[in-house]
Each structure stands twice: as C-alpha cells, then as structure tokens.
Amino acid sequence: MTTAVADLDRTSPKIAGRVIHPLWVRLTHWINAVAVLVMIGSGWQIYDASPLFGFTFPRGIALGNWLAGALLWHFAAMWVLVVNGIVYLTLGIVTARFRRKLLPIRPREVAADLAAALALKLSHDDLAVYNAVQRLLYVGVILAGIVITLSGLSIWKPVQFQELTVLFGGYEAARYVHFFAMAAIVGFLIVHVALAIIVPKSLRAMVTGR
Ligand code: HEM
Ligand code: HEM
C-alpha cells in the first residue's frame with residue numbers, strides 16, 4: 001500500500017521520465033488557486049460591511065456585490081478549499097512528498113538562498129528540487145491555510161466550535177487572526193505569481209507536469 005501510494009509521486013526526474021509535479025499536485029494546486037482567489041475577493045466584501053481597520057477594499061476588486069452575496073461565495077468556495085486542501089495534505093504526507101520536497105528547512109540555507117535570490121544568482125536548473133526559500137514559503141502558506149480555515153470555522157460557528165474560538169482568544173480575536181492570515185496569503189501570492197512569471201518554465205511544469 002505504502003509503495004503503491006509512493007509510486008504516485010515518483011517526482012525524481014530520473015525515475016519517472018522527468019515528471020516534476022504529479023497530476024494530483026497540479027489538480028489540487030489549480031483548484032486551490034481558484035478557491036483562494038474567490039475566498040479573498042468575497043472576504044474583502046465581507047470585511048467592507050464592517051471594517052476592522054480604517055480602510056475598505058475598493059468595490060471593483062471585491063466579489064459578491066454586497067454582504068449576503070459575498071457570504072454565499074465565501075461559504076460555497078469554503079467547501080472546495082477545505083476538501084481539496086485535505087486531499088492535498090493527505091497525499092502530501094502519505095506519498096512523503098512534503099518530507100522529500102519541503103523539508104528540512106535550515107535557517108542557514110534560507111539566508112544563503114535568499115541572498116543568492118536577491119543577487120539574482122539563484123539557479124532554477126532543477127525544477128524538481130525546491131530551494132530553501134521556496135520550502136519556507138510553501139510550508140508557511142500551507143500553515144497559513146490551516147490557520148485561516150480554523151479561525152474561519154470559529155467565526156462561522158462560534159457556538160458549535162466554542163473550544164476553537166476560545167483557543168483564538170474569542171470571536172473578535174479570531175476575526176483579526178483570520179484577517180492577518182488573509183494578508184499573509186495575499187503577500188505570498190504577490191511574490192509567488194511574480195516568480196512564476198519570471199521563471200516561466202516553472203509555470204509550464206505546474207501545468208503539464210514537466
Ligand atoms: C483562503 C481562505 C480564506 C480567505 C482568504 C478568507 C478571507 C476572509 C476575509 C478577508 C474576511 C473579512 C474579515 C473580517 O472583516 O472579519 C473573511 C470573513 C469571514 N470568513 Fe473567511 N477567508 C478564508 C477562509 C475561510 C474559511 C475556510 C471559513 C469557514 C470555515 C471562513 C469564514 C469566514 C467568516 C464566517 C467570515 C465573516 C467574519 C465576520 O463576520 O467578520 N473563511 N474571510
Ligand atoms: C493564481 C496564481 C498561481 C500561480 C500562477 C501559481 C504558480 C505556481 C507554480 C509555477 C508552482 C511551481 C513553482 C515552483 O517550481 O516552485 C507553484 C507551486 C506551489 N504553489 Fe502556486 N500558483 C498560484 C496560486 C497559488 C496559491 C493561491 C497558493 C496557496 C495559497 C499556491 C501554493 C503553492 C504551493 C504550496 C506550491 C508547491 C506545491 C508542491 O510542490 O506540492 N499557489 N505555484
């Protein structure tokens with residue numbers, strides 16, 4: 001069983017005819033990308049109905065037209081996000097992809113790779129191997145995804161998920177956590193999409209697998 005599952009994820013270029021991202025990674029990645037964009041757009045509209053800070057998001061970039069419409073989008077895409085996320089996390093663990101590609105993360109390597117990246121000297125020759133900065137960012141955004149889901153659950157059903165809401169320090173605090181997790185994901189996305197455009201072969205690999 002373990003071997004069969006591991007076979008799903010022979011990402012080493014030498015083993016599987018240069019497959020860099022197996023089909024399940026590509027499918028869950030792009031389903032997640034659409035769901036996250038819907039969650040961000042509708043979340044901004046929800047925020048505008050009762051802003052936490054002294055600003056609102058322009059209506060042109062918020063989704064759903066008004067609060068009730070945005071809540072419908074938010075809760076519809078939520079199911080896609082959560083089910084797809086569980087599939088990705090489960091396969092990432094059982095195929096050992098996370099252990100092989102995202103770990104370990106050593107601060108010294110992060111510092112060295114970050115310096116190289118800023119000097120535009122970081123190589124992307126082997127797309128099958130993530131550098132330390134990529135590992136850190138991918139693990140970070142996965143954790144932000146877990147935090148935003150748990151804080152989302154605790155502001156959606158604060159009675160049913162009481163313990164969770166208490167864990168975040170109450171309803172109001174969970175709202176702030178939810179907001180800052182969104183900000184972290186948006187920050188990640190700006191860098192992530194810019195890099196995908198700068199290194200187009202990485203984008204091709206996330207579409208075609210090679
Ligand atoms: C990538 C995923 C997500 C993003 C980017 C996101 C973003 C946002 C944003 C920006 C807001 C407005 C914040 C506020 O003013 O309080 C919001 C509100 C909300 N979100 Fe999410 N969210 C995500 C996932 C979830 C999930 C998974 C759930 C439920 C399980 C959820 C439930 C809620 C609820 C109930 C509100 C309304 C909060 C309120 O009334 O203030 N969200 N979301
Ligand atoms: C919508 C535009 C997006 C584009 C164009 C894009 C593009 C890419 C590309 C090209 C890769 C492979 C890059 C590499 O070799 O390092 C990748 C991987 C990844 N992306 Fe995205 N992405 C997008 C959205 C997202 C979103 C919204 C998230 C999460 C919130 C995300 C999370 C990830 C993760 C975790 C990986 C590593 C996956 C793995 O190897 O298991 N991406 N993305």
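Counting starts at 1 for both ligands and their atoms, in listed order. We number each residue from 1, following the sequence as shown. These numbers come from a predicted model, not from an experiment.
Of the possible polar contacts, one joining the Arg135 side chain to the Pro104 backbone as a donor-acceptor pair under 3.5 Å is found. Remark: the backbone N or O of Gly152 is paired with a side-chain donor or acceptor of His178 at under 3.5 angstrom. With Asp48 contributing its side chain and Thr56 its backbone, the two residues share no donor-acceptor pair below 3.5 Å. Checked by atom type and distance alone, the side chain of Lys201 never pairs as donor or acceptor with a backbone atom of Leu127 at under 3.5 Å. The backbone N or O of Val199 sits less than 3.5 Å from a side-chain atom of Ser202, completing a donor-acceptor pair. Between the side chain of Lys101 and the backbone N or O of Ala128 there is at least one donor-acceptor pair closer than 3.5 Å.
Within His178, the N, O or S atom lying nearest to atom 21 (Fe) of ligand 1 carries the name NE2.
For atom 27 (C) of ligand 2, the closest non-hydrogen atom on the protein side is Leu189 CD2, 3.7 Å. Looking from atom 26 (C) of ligand 1 to the surrounding protein, the closest heavy atom is Met39 CE, 3.9 Å. In this structure, atom 16 (O) of ligand 1 lies nearest to the protein heavy atom Arg175 NE, 2.6 Å. Among protein heavy atoms, the minimum distance from atom 36 (C) of ligand 1 is reached at Ile155 CD1, 3.8 Å. Summary of contacts: the protein heavy atom closest to atom 18 (C) of ligand 2 is Met206 CE, 3.4 Å. Protein heavy atom at the shortest distance from atom 1 (C) of ligand 2 is Ala33 CB, 3.9 Å. Looking only at heavy atoms of the protein, atom 2 (C) of ligand 2 is closest to Val193 CG2, 3.6 Å. Ranking the protein heavy atoms by distance from atom 15 (O) of ligand 2 puts Tyr130 CE2, 3.6 Å first. Counting only heavy atoms of the protein, atom 37 (C) of ligand 1 lies nearest to Ile46 CG2, 3.7 Å. Remark: minimum distance from atom 29 (C) of ligand 1 to any protein heavy atom is reached at Met78 SD, 3.3 Å. Given atom 13 (C) of ligand 1, the protein heavy atom at minimum distance is Tyr47 CB, 4.2 Å. With respect to atom 41 (O) of ligand 2, the closest heavy atom belonging to the protein is Tyr88 OH, 2.7 Å. In terms of protein heavy-atom proximity, atom 33 (C) of ligand 2 is closest to His29 CD2, 3.6 Å.
A distance of 6.0 Å or more separates the ring centres of Tyr171 and Tyr176. Checked against the 6.0 Å centroid criterion, the rings of Phe161 and Trp156 do not qualify as a close aromatic pair. Taking the centre of each ring, Tyr88 and Phe98 come in below the 6.0 Å mark.
Ile146 contributes atom CD1, which lies 12.0 Å from atom OG of Ser151 (distance to the nearest 0.5 angstrom).
Proximity to Val141 (heavy-atom distance under 4.0 Å) selects the following atoms of ligand 2: 30 (C). Every atom of ligand 2 is numbered from 1 in the order shown, and the set under 4.0 Å from a heavy atom of Ser202 is 10 (C), 15 (O). With ligand atoms numbered from 1 in the order given, ligand 1 contributes 29 (C), 30 (C) to contacts under 4.0 Å with heavy atoms of Leu153. Taking every heavy atom of Met182 and a limit of under 4.0 angstrom, the matching atoms of ligand 1 come to 5 (C), 10 (C).
Nearest heavy atom pair, residue Met206 against residue His29, reads CG-ND1, 3.8 Å.
Contact annotation for Leu203 and ligand 2: heavy atoms of both the backbone and the side chain come within less than 4.0 Å of the ligand. Counting heavy atoms closer than 4.0 Å to ligand 2, residue Gln134 contributes side-chain atoms (C-beta onward) but none from N, CA, C or O. With a heavy-atom cut-off of 4.0 Å, Leu195 does not touch ligand 2 at all.
With hydrogens and angles left out, the side-chain atoms of Gln134 and Asn131 include a donor and acceptor closer than 3.5 Å.
Backbone and side-chain nitrogen or oxygen atoms of Tyr138 are examined, and one is located within less than 3.5 angstrom of a nitrogen or oxygen of ligand 2. Here's the thing with Trp156: none of its N/O atoms is less than 3.5 angstrom from an N/O atom of ligand 1. Taking any N or O of His192, backbone or side chain, at least one lies under 3.5 Å from an N or O belonging to ligand 2. Between Thr149 and ligand 1, no pair of N/O atoms sits closer than 3.5 Å. Taking distance alone, with nitrogen or oxygen atoms compared against 3.5 Å, Ser50 stays at or beyond that limit from ligand 1.
By the neighbour-count criterion of 12 heavy atoms within 6.0 Å, atom CH2 of Trp73 is sparsely surrounded, having that number or fewer from other residues, nucleotides or ligands.
The side-chain contact (heavy atoms from CB on, under 4.5 Å) with Leu195 is formed by just one residue from the set Ile197, Val191, Val193; it is Val191. The residue from Asn32, Leu63, Leu189 that alone fulfils the side-chain contact (heavy atoms from CB on, under 4.5 Å) condition with Leu37 is Leu189. Here the rule is side-chain contact (heavy atoms from CB on, under 4.5 Å) with His74, and of Ile46, Val38, Ile40 only Ile46 fits it. A side-chain contact (heavy atoms from CB on, under 4.5 Å) with Arg97 is found for exactly one of Val94, Thr95, Ile93, namely Thr95.
Nearest residue to atom 39 (C) of ligand 1 from Phe180, Tyr171, Phe57, Phe53 is Tyr171 (criterion: closest heavy atom). Closest to atom 11 (C) of ligand 1 by heavy atom, among Gly43, Pro158, Gly152, Ser154, is Gly43. Across Thr56, Asn32, Val38, Ile40, heavy-atom proximity to atom 5 (C) of ligand 1 is greatest for Ile40. Ranked by closest heavy atom to atom 3 (C) of ligand 2, the top entry among Phe98, Phe188, Trp30 is Trp30.
Counting only heavy atoms from C-beta outward, the side chains of Trp30 and Val207 approach each other to under 4.5 Å.
Heavy-atom separations between His124 and ligand 2 are all 4.0 Å or longer.
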